[in-house]
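Letters go in sequence order (proteins before strands), and every chain restarts at 1. Worth knowing before you read on, the calculation uses all heavy atoms, side chains too, and leaves out hydrogens, waters and symmetry mates.
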Amino acid sequence: MKSFYITTAIDYVNGSPHLGHAYEKVLTDVIARFRRMMGDRVHFLTGVDEHGQKVQASARKRGIAPQQYVDEISAEFRALLPRLNISNDDFIRTTEERHKKVVREVLQRLFAQGEIYKAEYKGFYSTRQEQFLQEKDRLPGGAWPEIFGEVTEITESNYFFKLRGYQDWLIEFLTKHEHFIFPSYRQKQVLEFLKEPLNDLCISRPRERLEWGIPLPFDEGYVTYVWFDALLNYYSAVADQPGVWPAAWHVIGKDILVPPHAVYWPIMLHAAGIPLPHGIIAHGWWLQSGAKMSKSTGNALNPLDLVAEFGVDAFRYFLIREMNVGQDSEFTREQFLVRYNSELANNLGNLVNRTLNMTTRFAGGVLPSAELSEEPEQELHALWAKTRDEFIPLCEGFQFHTALERAMQFVTATNAYIEKRAPWKLGKSAEPRDQALLRTSLATMAEALRLGVALIQHVTPATTAKINDVLGYVPGDAWRDELHWGQKLDGASVAAALVLFPRPAPAVPPKG
RNA sequence: GCCAGGGUAGCUCAGUGGUAGAGCAGAGGACUCAUAAGCCUUUGGUCGGGGGUUCAAUCCCCCCCCCUGGCACCA
């Protein structure tokens with residue numbers, strides 16, 4: 001059984017979860033569920049990043065201990081997962097002992113190998129912002145912006161990781177592994193970035209300046225800062241589980257690809273003698289251009305509210321159907337409703353309901369066997385074979401939006417098949433041939449429905465389960481065996497009706 | 001400025017060196033099992049602008065314009 005380890009980025013607990021967090025969880029979950037369907041042994045990790053300056057400051061502002069603060073915010077992030085039906089196997093917090101232990105081990109190893117050294121860092125420091133400033137922070141005239149308050153040039157000792165020495169190695173690695181980063185144009189971007197010389201990476205902060213972090217094992221006067229803490233979660237969570245690492249894929253936002261995940265992370269692992277992960281998937285962002293406007297009129301859209309309003313599967317379906325992984329997409333309620341109404345309610349939901357209704361009305365609620373296979377049946381069978389054969393490679397290549405489009409086309413074709421056979425007419429005829437056609441058409445539409453929703457079950461797991469249930473069907477364990485057109489539903493007792501994805505009440509006319 | 005992605009029907013996008021495609025929206029029609037759903041037909045584009053290569057370019061090359069994102073020690 002193939003091992004497949006997949007992670008989301010860990011969320012920084014300095015605010016509440018929003019659409020971006022939700023999307024990354026859903027996308028990763030869809031990949032995880034798909035790989036499970038394909039028979040892989042999947043391990044799915046998500047979690048939170050709980051150290052750092054901002055957390056320390058936020059806790060202080062509220063007059064509570066950092067640990068109490070992160071306990072509260074982390075709970076919020078964790079609560080998001082069941083709401084989105086996320087099937088993660090583990091949830092890591094960087095304040096956990098298992099994580100700190102591995103971080104310290106890796107740091108110690110690198111220090112012993114001479115990959116980490118101490119040096120003085122001289123720079124302009126803002127006391128108010130508690131950070132060093134960069135030249136680019138300066139105003140055109142050379143002065144520092146007001147928000148930084150008093151800025152003084154200070155010298156500070158810190159520990160540095162020898163990033164620079166691995167630049168050529170990384171270029172060679174990326175050149176050899178063309179598909180390390182998805183989409184591929186992101187990989188080009190990384191190589192572009194690597195044309196400029198790298199500097200060594202500052203990985204520490206003196207404790208008097210930052211208390212809330214993991215102490216360096218070789219100098220307790222410092223804590224490690226950001227990268228060795230946050231990135232190592234992917235490894236620390238499974239370090240004691242043989243067979244998981246390194247079959248790893250990291251799902252991240254495009255904003256943290258370069259340099260952290262595409263440069264620091266591979267080099268850190270390589271230097272520490274840890275095998276590299278299989279790949280990185282960098283997704284784009286949901287844009288809400290209209291959000292500001294609607295906010296001013298008091299109609300701000302919190303996308304997560306759509307989960308409560310339309311159900312988790314509709315939300316998941318929209319995110320995956322609408323977004324081409326890697327690119328950006330606009331999130332609007334209008335677009336959501338278009339997908340919801342036309343694809344989920346009218347096309348799929350209505351197919352479910354009419355199938356149940358006709359089976360109840362014309363066959364006493366028990367699915368008959370298909371007896372004939374004429375042109376309409378053969379056409380649908382052929383389309384199914386084509387759809388299934390295209391669907392899987394599309395998902396393997398993270399082209400879920402196209403895969404869903406194909407699945408929806410098959411549902412449309414099933415609706416068209418029903419029109420062609422018109423069971424409601426056949427039901428009025430006592431001719432034996434018409435009765436045979438009636439039984440055939442009922443069996444065919446139900447089987448097509450079963451197959452169609454089996455295909456999309458990684459995106460809409462609850463819906464697929466519900467439809468199987470009303471079809472009186474219990475699927476087997478092996479997903480791929482479910483994808484053969486057959487007679488699995490013969491004799492099944494179906495429910496009388498089910499309105500999935502009910503259409504929302506007509507929208508109140510928008511403001512004049 | 002540099003790099004990347006993109007500019008194709010009202011909207012969202014696919015696409016190929018050789019008569020321009022899909023979905024949604026719009027229009028018309030036949031039907032009634034169904035969530036006033038579904039099905040069939042259909043209007044609609046000088047494929048950002050200019051030049052070049054070619055028998056032939058939306059697709060290749062060059063220039064220009066516009067949009068988006070990135071340009072490190074910041075999560």
Side-chain angles (χ1 to χ4, degrees), chain A residues 9-15 49 51-55 121 123 129 131-134 136-137 158 160-161 163 183 185-203 225-227 229-231 252-260 262-264 284-285 287 289 321-322 324 326-330 332 334-335 337-339 341-362 401-402 405 408-409 411-428 438 441-442 445 497-504 506:
Chain A
I10 50 175
D11 299 318
Y12 195 59
V13 291
N14 195 47
D49 179 8
H51 288 127
Q53 192 89 56
K54 286 176 186 162
V55 166
Y121 180 79
Q129 294 291 318
Q131 61 172 255
F132 278 96
L133 306 180
Q134 305 304 312
K136 66 169 185 184
D137 292 327
N158 263 312
F160 290 80
F161 171 54
L163 205 63
Y185 64 81
R186 293 278 172 212
Q187 179 139 343
K188 279 189 226 155
Q189 211 169 46
V190 175
L191 286 166
E192 203 59 40
F193 176 84
L194 289 169
K195 284 180 180 168
E196 296 296 317
L198 290 173
N199 293 324
D200 288 345
L201 181 66
C202 179
I203 59 155
Y225 191 63
V226 185
W227 305 120
D229 185 352
L231 289 169
I252 60 167
K254 62 181 184 179
D255 57 326
I256 53 173
L257 177 66
V258 186
V263 178
Y264 302 161
W285 288 119
L287 311 173
S289 312
R321 173 71 181 86
E322 192 71 11
N324 181 346
Q327 301 193 346
D328 293 343
S329 211
E330 194 76 32
T332 65
E334 288 66 34
Q335 189 61 15
L337 286 175
V338 165
R339 294 290 184 202
N341 284 328
S342 69
E343 297 184 9
L344 292 177
N346 297 348
N347 205 14
L348 176 59
N350 189 48
L351 173 62
V352 172
N353 203 31
R354 68 197 303 209
T355 299
L356 298 180
N357 266 288
M358 283 189 272
T359 305
T360 299
R361 183 184 292 216
F362 302 123
H401 65 302
T402 308
E405 185 190 13
M408 220 21 93
Q409 276 171 12
V411 173
T412 297
T414 304
N415 275 316
Y417 165 79
I418 294 172
E419 303 292 333
K420 232 174 261 173
R421 283 307 189 194
W424 49 94
K425 283 183 187 162
L426 298 169
K428 289 175 187 155
L438 174 61
S441 62
L442 292 173
M445 71 177 83
L498 172 66
V499 174
L500 280 173
F501 309 112
R503 295 191 55 138

Inset, instruction - Once you apply the 3.5 Å cut-off to both distances, tell me the Watson-Crick or G-U wobble partner of C13(B), or none. - result: G21(B)

Legend entry - Mate of G1(B) where both pairing distances stay under 3.5 Å, Watson-Crick or G-U: C71(B)

Legend entry - Which residue lies more 5' along RNA chain B, comparing Lys425(A) with Ser342(A) via nearest heavy atoms: Ser342(A)

Inset, instruction - Please evaluate the base of A34(B) for a donor-acceptor partner in the side chain of Asn353(A) within a cut-off of under 3.5 Å? - result: no

Legend entry - Step-by-step side-chain hydrogen bond (donor to acceptor under 3.5 Å, both in side chains) determination, Asn347(A) to Thr412(A): CA-CA 6 Å; Asn347(A) 205 14; Thr412(A) 297; 2.9 Å; yes

Inset, instruction - Using a 4.0 Å heavy-atom cut-off across all strands, classify Asp200(A) as base, sugar-phosphate, or nothing. - result: base

Inset, instruction - For Val352(A), answer base if it contacts any base atom (sugar-phosphate contacts may also be present), sugar-phosphate if it contacts only those atoms, and nothing otherwise; contact means non-hydrogen atoms under 4.0 Å. - result: nothing

Inset, instruction - For Thr412(A), answer base if it contacts any base atom (sugar-phosphate contacts may also be present), sugar-phosphate if it contacts only those atoms, and nothing otherwise; contact means non-hydrogen atoms under 4.0 Å. - result: sugar-phosphate

Inset, instruction - Return the nucleotide paired to C60(B): Watson-Crick means purine N1 to pyrimidine N3 with N6-O4 or O6-N4, wobble means G-U with N1-O2 and O6-N3, both under 3.5 Å. - result: G52(B)

Legend entry - Nucleotide G69(B), atom C1' - distance to NZ of Lys188(A) in whole Å: 16 Å

Legend entry - Nucleotide opposite G26(B) in a Watson-Crick or G-U pair, distances under 3.5 Å: U42(B)

Legend entry - A37(B) OP1/OP2 closer than 4.0 Å to side-chain N/O of Arg503(A): yes

Inset, instruction - Under 4.0 Å between any heavy atoms, over every strand shown, what does Asn415(A) touch: base, sugar-phosphate, or nothing? Just pick one. - result: sugar-phosphate

Inset, instruction - Mind checking Leu163(A) for me? I need base, sugar-phosphate or nothing, with any heavy atom below 4.0 Å counting as a touch. - result: nothing

Inset, instruction - Just call it for Ala345(A): base, sugar-phosphate, or nothing, with non-hydrogen atoms closer than 4.0 Å on any strand. - result: base

Inset, instruction - Using a 4.0 Å heavy-atom cut-off across all strands, classify Leu351(A) as base, sugar-phosphate, or nothing. - result: nothing

Inset, instruction - May I ask you to say what Pro259(A) touches in the nucleic acid, namely base, sugar-phosphate or nothing, with a heavy-atom cut-off under 4.0 Å? - result: base

Legend entry - Base G70(B) to side chain Gln189(A), donor-acceptor N/O within 3.5 Å cut-off: no

